[in-house]
Amino acid sequence: MSTATSTVRRAAVVLAAVSALALTACGPTEDDASGGAASPTAASPTKSSPPATPAPSAKPTKPTTPAKPTASPGKGSPADPDHDVFPCSTFDVKFTASLAEPTTGSYLLKITNKGSKACRALGHPVVTFGALDGQATERGSAPGIEDALRLAPGASAYAGLMGGGNDGKGKTVDSIAMTMSTESDLAQKPLKASTPGLYVSPDRNSVTAWVGTAEDALSL
């Protein structure tokens with residue numbers, strides 16, 4: 001065999017081998033051809049989203065405390081600041097009498113709360129005349145106990161004792177005695193006051209209820 005022919009054959013063998021290798025590289029693998037699982041490939045890592053910031057929770061509201069029911073304070077109830085204000089007695093007050101009208105012999109009576117607690121000046125004063133029997137009649141009306149004049153410590157109340165001209169039927173006295181109306185059976189010590197020349201005549205001497213001013217006491 002010639003040299004040229006050998007060279008051609010070698011070239012053909014090399015070309016066939018190269019072709020076979022190319023086909024093997026490009027063809028499916030045995031696993032692929034048989035339907036086997038493909039070799040796992042690494043998944044591209046996904047960029048994780050930052051955690052969502054939780055919405056701020058609503059600030060808890062402080063529970064409303066229900067208002068306490070308030071009852072309208074009535075007289076004598078604990079809510080009434082005057083529920084323990086009792087009637088004034090002669091143990092609670094100082095007493096004076098001063099001549100208010102010489103022509104009629106009228107006197108202004110005055111009491112002053114000398115205690116440390118308030119009291120109420122109830123009704124009319126009970127006025128007697130020296131050693132004479134009887135007492136002054138009540139002039140006009142007086143408020144009830146719930147509306148009676150309230151005397152704070154040091155406060156005063158007034159009443160007018162009406163006299164009268166000498167009608168020849170009465171007598172003159174130089175002093176009077178007074179006790180307070182308390183609407184109770186409390187025994188009181190009468191308070192005395194000087195009343196020089198006071199003429200006392202049956203049914204002519206009257207006394208007003210306790211009021212807040214001297215002017216009112218003498219005009220009733």
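- Between the Thr90 side chain and the Lys189 main chain, a donor and an acceptor come within less than 3.5 Å of each other.
- Of all heavy-atom pairs between Ala209 and Ser141, the closest is CB-O, 3.9 Å.
- Taking 4.5 Å as the limit, some side-chain heavy atom of Val207 sits within range of a side-chain heavy atom of Leu109.
- Judged by distance alone, the side chain of Ser156 and the main-chain N or O of Thr112 form no donor-acceptor pair under 3.5 Å.
- Judged by distance alone, with hydrogens and angles left aside, the side-chain atoms of His124 form no donor-acceptor pair with the main-chain N or O of Ser181 at under 3.5 Å.
- Contact check on Asp167 versus Arg204 returns a salt bridge, with a Lys/Arg side-chain nitrogen under 4.0 Å from an Asp/Glu carboxylate oxygen.
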Exercise for review: Would you sort out whether Met162 and Thr208 count as a side chain to side chain contact (heavy atoms under 4.5 Å, CB included), showing the intermediate values?
Suggested key: CA-CA 8 Å; Met162 308 306 167; Thr208 68; 4.0 Å; yes

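- Here the shortest heavy-atom pairing between Leu151 and Cys88 reads CD1-SG, 4.2 Å.
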**Study point:** Test side chain to side chain contact (heavy atoms under 4.5 Å, CB included) applied to Glu183 and Ile145, step by step
**Key:** CA-CA 9 Å; Glu183 295 189 355; Ile145 185 171; 4.1 Å; yes

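- The environment of Lys114 atom NZ is dense: over 12 non-hydrogen atoms of other residues, nucleotides or ligands sit within 6.0 angstrom.
- Summarising the geometry of Val126 relative to Gln135, their closest heavy-atom pair is CG1-OE1, 3.6 Å, with the distance given to 0.1 Å.
- Closest heavy-atom contact between Ala142 and Gly123: CB-CA, 3.6 Å.
- Note: the hydrophobic cluster containing Leu122 does not contain Met180 (ILVMFWY, side chain heavy atoms under 4.5 Å, direct or indirect links).
- Between Asp216 and Tyr158 the shortest side-chain heavy-atom distance does not fall below 4.5 Å.
- Atom OG1 of residue Thr195 and atom CZ of residue Phe129 lie 8.5 Å apart, to the nearest 0.5 angstrom.
- Side-chain atoms of Arg120 come within 3.5 Å of backbone N or O of Ala148 as a donor-acceptor pair.
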Exercise for review: Go through Cys119 and Asn113 one step at a time and tell me if the side chain to side chain contact (heavy atoms under 4.5 Å, CB included) criterion holds.
Suggested key: CA-CA 8 Å; Cys119 63; Asn113 184 353; 3.9 Å; yes

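- Note: the hydrophobic cluster containing Val127 also contains Leu149 (ILVMFWY, side chain heavy atoms under 4.5 Å, direct or indirect links).
- Using a 4.5 Å cut-off on side-chain heavy atoms (C-beta onward), Asp174 and Ser194 make no contact.
- Of the inter-residue distances, the one linking Glu101 atom CD with Ser106 atom OG reads 6.5 Å to the nearest 0.5 angstrom.
- Nearest heavy-atom pair, Ala118 versus Pro153, reported as atom, atom and distance to 0.1 Å: N-CD, 4.0 Å.
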Review point. Which is it for Thr96 and Lys110 under the side chain to side chain contact (heavy atoms under 4.5 Å, CB included) test, yes or no, and what are the steps along the way?
Key: CA-CA 5 Å; Thr96 61; Lys110 177 183 177 181; 3.5 Å; yes

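- Looking at Tyr199, its side chain does come within 3.5 Å of a backbone N or O of Gly170 through a donor-acceptor pair.
- Atom CG of Leu161 is separated from atom CG of Leu108 by 10.0 Å, given to the nearest 0.5 angstrom.
- Residues Tyr107 and Leu218 approach most closely at O-CD2, 4.3 Å, considering heavy atoms.
- By the rule that hydrophobic residues join a cluster once side-chain heavy atoms approach within less than 4.5 Å of another member, Val93 and Trp210 end up as members of one cluster.
- Taking hydrophobic clusters as Ile, Leu, Val, Met, Phe, Trp and Tyr residues chained together by side-chain heavy-atom distances below 4.5 Å, Leu198 shares a cluster with Phe95.
- Using a 4.5 Å cut-off on side-chain heavy atoms (C-beta onward), Thr128 and Ile176 make no contact.
- In this structure, Leu191 is a member of the same hydrophobic cluster as Leu132, with clusters built from ILVMFWY side-chain heavy atoms closer than 4.5 Å.
- The shortest distance between side-chain heavy atoms of Ile111 and Met178 falls below 4.5 Å.
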